[in-house]
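Report on one structure; see the data block that follows.
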Amino acid sequence: QPQQRPWFLCRNEDLKEMLESNKESLKLEAMKRIVGLIAKGKNASELFPAVVKNVASKNIELKKLVYVYLVRYAEEQQDLALLSISTFQRALKDPNQLIRASALRVLSSIRVPIIVPIMMLAIKEAATDLSPYVRKTAAHAIQKLYSLDPDQKEHLIEVIEKLLKDKSTLVAGSVVMAFEEVCPDRIDLIHKNYRKLCNLLVDVEEWGQVVIIHMLTRYARTQFVSPWREDAVFDENSAKAFYDSEEERRVDQSKPYIMDPDHRLLLRNTKPLLQSRNTAVVMAVSQLYWHLAPKHELSIITKSLVRLLRSHREVQYIVLQNIATMSIQRKGMFEPFMKSFYVRSTDATHIKTLKLEILTNLANEANISTILREFQTYVKSQDKAFAAATIQAIGCCATNISEVTDTCLNGLVLLLSNRDETVVAESVVVIKKLLQTQPSQHSDIIKHMAKLFDNITVPMARASILWLMGEYCEHVPKIAPDVLRKMAKTFTDEEDIVKLQIVNLAAKLYLTNSKQTKLLTQYILNLGKYDQNYDIRDRTRFIRQLIVPNEKSGALSKYARRILMAPKPAPVLQSAFKDRDRFQLGTLSHTLNSQASGYLELSDWPAVAPDQSVRNVEVVEPVRLPCIYLVFKDNENSDDSNKSSSSQSEKSSSESDSEKKKTLKNKKPQQQKLDSKDSSPVFVPETSHELLHRMTGKGLSAQYRFTRQPCIYGNSMVSLQLTLSNSTDQALENIHISEKSSTGQNIHRFNAIERLEPQASVTVSMGVDFNDSTQAANFQLCTKEDEFSVSIQPAVGELLLPITMSEADFTKEQGKLVGMNESSATITMTPENVSSQSVNRKVVSVANLGVIPSGQENIYRFSGKTVSSGSLVLVSVVLKDPDAVITINTEKTVMGSMLLRQVKTALTNSGP
Amino acid sequence: MIHSLFLISNAGDLFLEKHWKSVISRSVCDYFFEAREKAVEPDNVPPVIRTPHHYLINIYREKIFFVSVIQTEVPPLFVIEFLHRVAETFQDYFGECSETTIKDNVVIVYELLEEMLDNGFPLATESNILKELIRPPTILRSMVNTITGSSNVGETLPTGQLSTIPWRRAGVKYTNNEAYFDVVEEIDAILDKSGTTVFAEIQGVIDACVKLSGMPDLTLSFMNPRLLDDVSFHPCVRYKRWESERVIAFIPPDGNFQLMSYHISAQNLVAIPVYVKQNISFFETGSSGRLDITVGPKQTMGKTLECLVVTVHMPKVVLSANLSATQGTYNYDPVTKILVWDIGKLNPQKLPNLKGSLSLQSGAPKPEENPSLNIDLKIQQLAISGLKVNRLDVYGEKYKPFKGVKYVTKAGKFQFHSPYWTIYGPRRVAAWQPPSSARSPSRRLSAPGTPHLSPLGVEVSGEEPLPLGGAVWEEPDHH
């Protein structure tokens, strides 16, 4: 009977009914409630059969919620989970990349060992998918499969190796993550991809950046020699720590250090990321600099780290820990920012303690007075634990900087009059530690403490004072017995630690001054003998045997004085962060100060650099996939991105390295080279041409320039940028290009500008189909009141778009375009034009052509296509000192000869 | 990386759990509860807690602990930053990030968490992408959804994730194209009683609200970019353009986002817009004290100070305050011991004053620490650093957007301290200063009758004895 079942079963029963109904909305409602149960941690596993039926639902949200459920319970319901597998296998073949990716995501999240072979297959396939998003998902799936079945390691490494070669920024972070998890020791897989990763880094998403930076830090420490050698010359002291042996030092003195260009590449490409909004990225770059950069370059990370202190409390905590470790070794880095470490009353306790630690580390002769004054305010803090920590810090400063030891001691002695017990107690403890380092000069302080003794109630403090009395009783011969006398009176009321010290004091005085204290000692020992605490009884018996000679005590009592009065080594007050740098900064292990599982050790620099050539990448590599390259020139002027499309696949990548860019272009498959826009312009001239002078335009002036970009308005159009300025003193309205006026060319007009304020200017873009002819495009530029006839006369070089091809393809195509289609000329080069750079520059400045990397030194090749018809235009310049032969091959013979004339003029003219 | 996430309310109620790998029993949170209890204040819970088999990395935000479970080595900041991003996403979606809103929207929360991490590694954290995947709830939509049974999940598949501009959604269209920028600066400062700046810096952010169609490429330039010596950017900003030209070039995300933040630490650049004359003293006898505060304008660049609020954290022994304000209202909360004086707009002709007496718990010793004052204020139409936006250019699109820049200055952590007050009070210093030759402690201490050895509690004025002595401690250091 439903009534007798517990309520939650009843509810689940009704959920089951809802799931089995025909109505989507009911099913969805049921799934939402189930997800609510999962979120609360309630068990909903018994609904598995009813839920899994909906795995193939058409409703996206319902499907997603079923996925959530499936991933949560598949491990518990393995047999039933298998029912869903075929759905995913089907979805893996879906034409939509996002569906393929999501199928792989869920499939790989189902932790059922029996499907390992299916997962392996799916991952292998996805790793060669055309979509970078699917490949990214494959990289994630690698880790999942590895944790499910570590035996697959070898196969997975193969997939990782393949994916590491991927040039997509989407994949890079994820595959490096998989690498770190599965095979972090296979450094050899990184070599060939090292430069690519460095160059991609700035465009990878934030989380991937962190992972890649940490991995590259480890990599660099195994591949490059230490850049810290130079310091040896300048700074003997700090350098000492960095050398393991004398021998090594001799080696580097004989040979000057030159940084590997790859080492420099990493440092250079990570530096801009210090400006990231993501604190983890900033920390990652900082630790990279700490572990890899020459010491004199370290200072650039300081400001960024200090900036992170503005972030959330938890971020501050981690950053301060890392700064604490850094500041021990290199005070100079953070000293200018000392005030950023001042404690605020609103800081959390662990933040306060860390700031105190750092301030202590930063203290030196010059700034100690400022720091101590700051400490004075902390001592008065309401937060007594913090006040106590401050007193410890003062103690640390006192031992580290001998100039202020006396001042600090005085200050601490004054604190003994403080009203707060914790402060007093802590002061006594710290004074005790300080006095231990130089007791003889400070008998006054000991006397003073004895005087305050009656007012001090904290047991630890009392115990410390008593220990001091005993230890240095010879410095205060009159006071010590008196203190003992008082203690004898109050012995029974004292805390245990105080009692132990009373016994100690009695014993020491008995040995040094038995005349005055013999009776007192005996009295105290008798009290101790019957104490309730067995430790005290024990100690009393031991002391009595040791100091009072009798027949049983034997040889030991002879040495009693040497045992009890032996000089004790002073305690070392040092930072808790002293040896933290054995862990890589920024890691969990560093935070915990113990090795976390999965921590990867940072190796020491190799004494001799391993082979550098392993990172060299061959220029030409066969490419299997037809792809799009979205090339950002140096990542910065992304305007000159270019696209090329093929089939339905997409691939994007951005490169900072120009050499790389050429490599990529080279690899473009042959059949593609004529279809649409292929390569970014090598050179975009800045010069603009007058379209309308302000005198003729009644105050409206217009200039145009060729952007050399593929036109977005039409494939056969040339893209132009128009700058319109208003030099009148009133606004011009409705500026547009008249519809009727054009002379045959197809013009894409810019949208009418409603209003142009006086002295303002606006830039618009337009497209003109010149139909592969240099005939001017005439049209009317209109304002509300006027019409102006204008014309644009293109240079032949602007009617081209660059494309790239391999040298072999070039020669092949050139062979097809001979006879009528070839025009050539011989010129005499001016000597300054002979260099390769200058030839390239001259040619690309007159014509929008792509540069083809040439195998021969004296031959330069350029290729492009006409904008309108897409005919090939091939230009080659062969230098035969002092002459040069220019050859142009194109079907468009008129354009060919015009272009020849222009290239000729350009190469014979001197000047830039 | 991130194994599981638990959301725990301040009251200790574990109200949501999500696992990205195998399920981890919620009993792992017992270690967290233990630490929570030990810390007393929620702020004092250590962000990283070690348990025998796991590590718990947690953040505390909006009265909720986000506790993540980690099994292997991971940069802790990676997790912390991610957890904050989760909280921000909730805030973005639900207007606020609270236990109630999360419980009310548990399905959306789950869908979001599912998209944000894959196998514990961040997948989609950009708000533009997430909003394409999962639509934020609106009152209208939730009503329609209940009636029609339609869903929150976007029908279209997001394309942004596939591009190299992952922060911008595709196909943006507006009839009115507009771009607004808010330059918001906060002054953090500590001033001593004499008004000397101990510490001052400016924290600035530029918040943007960009509603532009298509793929606009924006360039924002400043009149005086040299002011900005330390900046951090939204990932959309091209670092190298900033390095070479000091302009901010970016393809913006759609909607609201923080474009950049900056930090001006050079103290000579930080103008202090307000001064405070304060006198708070406590009498040893009679269990009472006196308070007298006057606020006035200092370097305001001709602008009006608004929303002026003075907050004083009184010592625990202050029971009540009997004051009179010439402007605004004051309120003393005897439980939290916070005195709040809400002044409002500052009139430079008639400076506001708050004056009167404080009554103390009888018999309690007079407070040791003199309270410091916190100031809150706002100045419209002014960036206190002097930063000015020069122009915004739009490339790549042909419309002419409406553009606007707004400047606001606020007080951040703005404190008037009195730490040296008691120490440097003229009478005190004269009485307590050791003879200049007597730097050796032994001589100072052995001199009989020096005040150092006098018993406690004989002070009658409202001041404390010099707690620490010695010449090194004396010179004030305010560069």
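To find a chain, count down the sequence lines: A is the first, B the second, and so on, and within it residues start at 1.
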Closest non-hydrogen atom pair between [X] and [Y], with its separation:
X      : Y      : value
A:H140 : B:D118 : ND1-OD2, 3.0 Å
A:K136 : B:L123 : CE-CD1, 3.8 Å
A:T591 : B:V48  : CG2-CG2, 3.8 Å

Verdict with supporting geometry, B:K240 and A:V202, side chain to side chain contact (heavy atoms under 4.5 Å, CB included): CA-CA 10 Å; B:K240 283 188 184 155; A:V202 75; 5.8 Å; no

Within the 4.5 Å heavy-atom criterion, are [X] and [Y] side-chain neighbours or not?
X      : Y      : result
A:L65  : B:E111 : yes
B:E114 : A:K64  : no
B:I57  : A:E314 : no
B:R50  : A:S594 : yes

SB check B:D230 A:K303 (cutoff 4.0 Å): no

Lys/Arg N to Asp/Glu carboxylate O, A:E754 vs B:K400, below 4.0 Å: no

Geometric class of the A:W207/B:F82 ring pair [parallel <30°, tilted 30-60°, perpendicular >60°]: perpendicular

Distance (rounded to the nearest 0.5 Å) between B:R85 CZ and A:N278 CG: 5.0 Å

Gap separating the CD atom of B:E243 from the NZ atom of A:K271, nearest 0.5 angstrom: 5.5 Å

Derivation and outcome, side chain to side chain contact (heavy atoms under 4.5 Å, CB included), residues B:E73 and A:T587: CA-CA 7 Å; B:E73 171 65 51; A:T587 59; 2.9 Å; yes

Derivation and outcome, side chain to side chain contact (heavy atoms under 4.5 Å, CB included), residues A:R310 and B:E201: CA-CA 11 Å; A:R310 277 284 298 171; B:E201 60 182 28; 4.2 Å; yes

Interface residue of largest heavy-atom contact number with chain A, from B:G396, B:G120, B:P76, B:G412, under 4.5 Å: B:P76

Interface moiety of A:L592 toward chain B, non-hydrogen atoms closer than 4.5 Å: both

